[in-house]
Amino acid sequence: MASQLIRDWVGINTFATATQTKLLELLGKLKQEDVSTLTILVMGKGGVGKSSTVNSIIGERAVTVSPFQSEGPRPVMVSRSRAGFTLNIIDTPGLIEGGYVNDQALEIIKRFLLNKTIDILLYVDRLDAYRVDNLDKQIVKAITDSFGKGIWNRALVVLTHAQLSPPDGLPYEDFYSKRSEALLKVVRLGAGLKKHDKQVCFSLIS
């Protein structure tokens with residue numbers, strides 16, 4: 001009965017034809033493996049583009065994005081269905097409050113996720129943030145402490161604001177590489193990952 005309330009994933013029609021074809025191929029493969037649901041958890045600091053990332057994946061304005069409002073205090077799950085396959089994406093509050101990790105936000109997220117299986121973690125940050133610091137490491141550690149080190153085995157780091165022009169005439173690829181390396185180091189340190197652990201992947205969103 002609940003599945004009838006899930007809206008059709010019409011936003012997929014706004015994607016480029018090649019993207020639509022790849023997505024439908026992927027959905028077909030998952031269905032062949034008896035996988036009919038995929039749940040994605042989106043986490044990160046406030047103002048890095050988590051809600052915009054959710055909207056980009058869905059292909060429509062599914063959650064509100066406003067630079068003039070504080071983020072919603074609670075997670076929001078957006079579900080869409082296509083050809084018998086259900087995509088769930090969970091948008092979450094920012095994990096920083098007053099320069100510290102917001103433990104209350106983490107607890108709210110944990111309660112929201114009870115009885116839910118997370119297939120993919122999207123850890124969102126900005127490509128145009130030119131440095132990483134101890135706070136970044138603390139965020140990763142807090143996520144690890146809350147959800148276990150295994151969450152990073154199915155993580156993808158998403159870098160938003162990818163349309164930037166790198167400073168000092170640095171080639172774009174070099175800047176992206178350096179930023180990715182710095183973030184990867186923070187993730188590995190904060191999560192306590194070893195060299196032989198699964199590599200965390202990166203993706204860019206403008």
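Quantities reported herein were computed from a predicted structural model and do not represent experimental measurements.
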Novice: So does K178 have more than 12 non-hydrogen atoms from other groups sitting under 6.0 Å from NZ?
Specialist: no

Novice: Could you check whether any side-chain N or O of D174 sits under 3.5 Å from a backbone N or O of P171, counting only pairs where one atom can act as donor and the other as acceptor?
Specialist: no

Novice: Please answer whether the main-chain N or O of I118 pairs with a side-chain N or O of R154 as donor and acceptor at a distance below 3.5 Å.
Specialist: yes

Novice: Kindly indicate, with the supporting measurements, whether the criterion side-chain hydrogen bond (donor to acceptor under 3.5 Å, both in side chains) is fulfilled by S177 and E173.
Specialist: CA-CA 6 Å; S177 177; E173 285 300 321; over 6 Å; no

Novice: Minimum heavy-atom separation for I90 to P75, with atom names?
Specialist: CG2-CB, 4.0 Å

Novice: For the backbone of T39 and the side chain of D119, can you confirm whether one donor and one acceptor N or O come within less than 3.5 Å of each other?
Specialist: yes

Novice: Do the side chains of V158 and L26 join up, straight or via other hydrophobic residues, at under 4.5 Å, putting them in one cluster?
Specialist: yes

Novice: Counting only heavy atoms not in Y100, do more than 12 fall under 6.0 Å of its OH?
Specialist: no

Novice: So which heavy atom on R7 is nearest to which on E60, and how close?
Specialist: NH2-OE1, 3.2 Å

Novice: At what distance, to the nearest 0.5 angstrom, does CD1 of I139 lie from CG of L95?
Specialist: 6.0 Å

Novice: Mind listing the side-chain donor-acceptor pairs of residues 141-149 below 3.5 Å, one per line with the distance, residues two or more places apart or on another chain?
Specialist:
from, atom 1, to, atom 2, distance (Å)
K141, NZ, D145, OD2, 2.9
T144, OG1, V140, O, 2.8
T144, OG1, W152, NE1, 2.9
S146, OG, A142, O, 3.0

Novice: Are I108 and L113 joined in one hydrophobic group, where the rule is that I, L, V, M, F, W and Y side chains link up if heavy atoms are under 4.5 Å apart?
Specialist: no

Novice: Drop me the distance from R61's CZ to S56's OG, to the nearest 0.5 angstrom.
Specialist: 11.5 Å

Novice: Under a 4.5 Å side-chain heavy-atom rule over Ile, Leu, Val, Met, Phe, Trp and Tyr, are V63 and V10 clustered together?
Specialist: no

Novice: Quick check: does any side chain N or O of R179 sit under 3.5 Å from a backbone N or O of D128, one acting as donor and the other as acceptor?
Specialist: no

Novice: Working to the nearest 0.5 angstrom, can you tell me the gap between I109 CD1 and Q104 CD?
Specialist: 11.0 Å

Novice: With rounding to the nearest 0.5 angstrom, report the NZ to CG distance, K50 to L122.
Specialist: 12.0 Å

Novice: Is there side-chain contact between K116 and M77, with heavy atoms separated by less than 4.5 Å?
Specialist: yes

Novice: List the atom of F15, the atom of I57, and the distance in Å for their closest heavy-atom pair.
Specialist: CZ-O, 3.2 Å

Novice: What residue among V48, N102, D136, L135 forms side-chain contact (heavy atoms from CB on, under 4.5 Å) with I96?
Specialist: L135

Novice: To the nearest 0.5 Å, what is the distance between CZ (R82) and NZ (K31)?
Specialist: 13.5 Å

Novice: Do you know the tightest heavy-atom contact between Q20 and I12?
Specialist: CG-O, 3.1 Å

Novice: Check whether Y172 reaches the backbone of A162 with its side chain - one donor and one acceptor, N or O, closer than 3.5 Å.
Specialist: yes

Novice: Do V132 and V157 land in one hydrophobic cluster if side-chain heavy atoms of ILVMFWY residues count as linked below 4.5 Å?
Specialist: yes

Novice: Could you give the distance from CG (L87) to CD1 (I40), rounded to the nearest 0.5 Å?
Specialist: 5.0 Å

Novice: Hydrophobic cluster membership, with links at side-chain heavy-atom distances under 4.5 Å among I/L/V/M/F/W/Y: are Y123 and I151 in one?
Specialist: yes

Novice: Please report the closest heavy-atom contact between S51 and D91, naming both atoms and the distance.
Specialist: OG-OD2, 2.5 Å

Novice: Test your reading of the model: is there a side-chain donor-acceptor pair from R80 to the backbone of I89, 3.5 Å cut-off?
Specialist: no

Novice: Do you know which of L183, L121, N153, L184 makes side-chain contact (heavy atoms from CB on, under 4.5 Å) with V200?
Specialist: L184

Novice: Which heavy atom of S79 sits nearest to which heavy atom of N88, and what is that distance?
Specialist: OG-OD1, 2.5 Å

Novice: For the pair K45 and D125, find out whether any cationic side-chain nitrogen is under 4.0 Å from an anionic carboxylate oxygen.
Specialist: yes

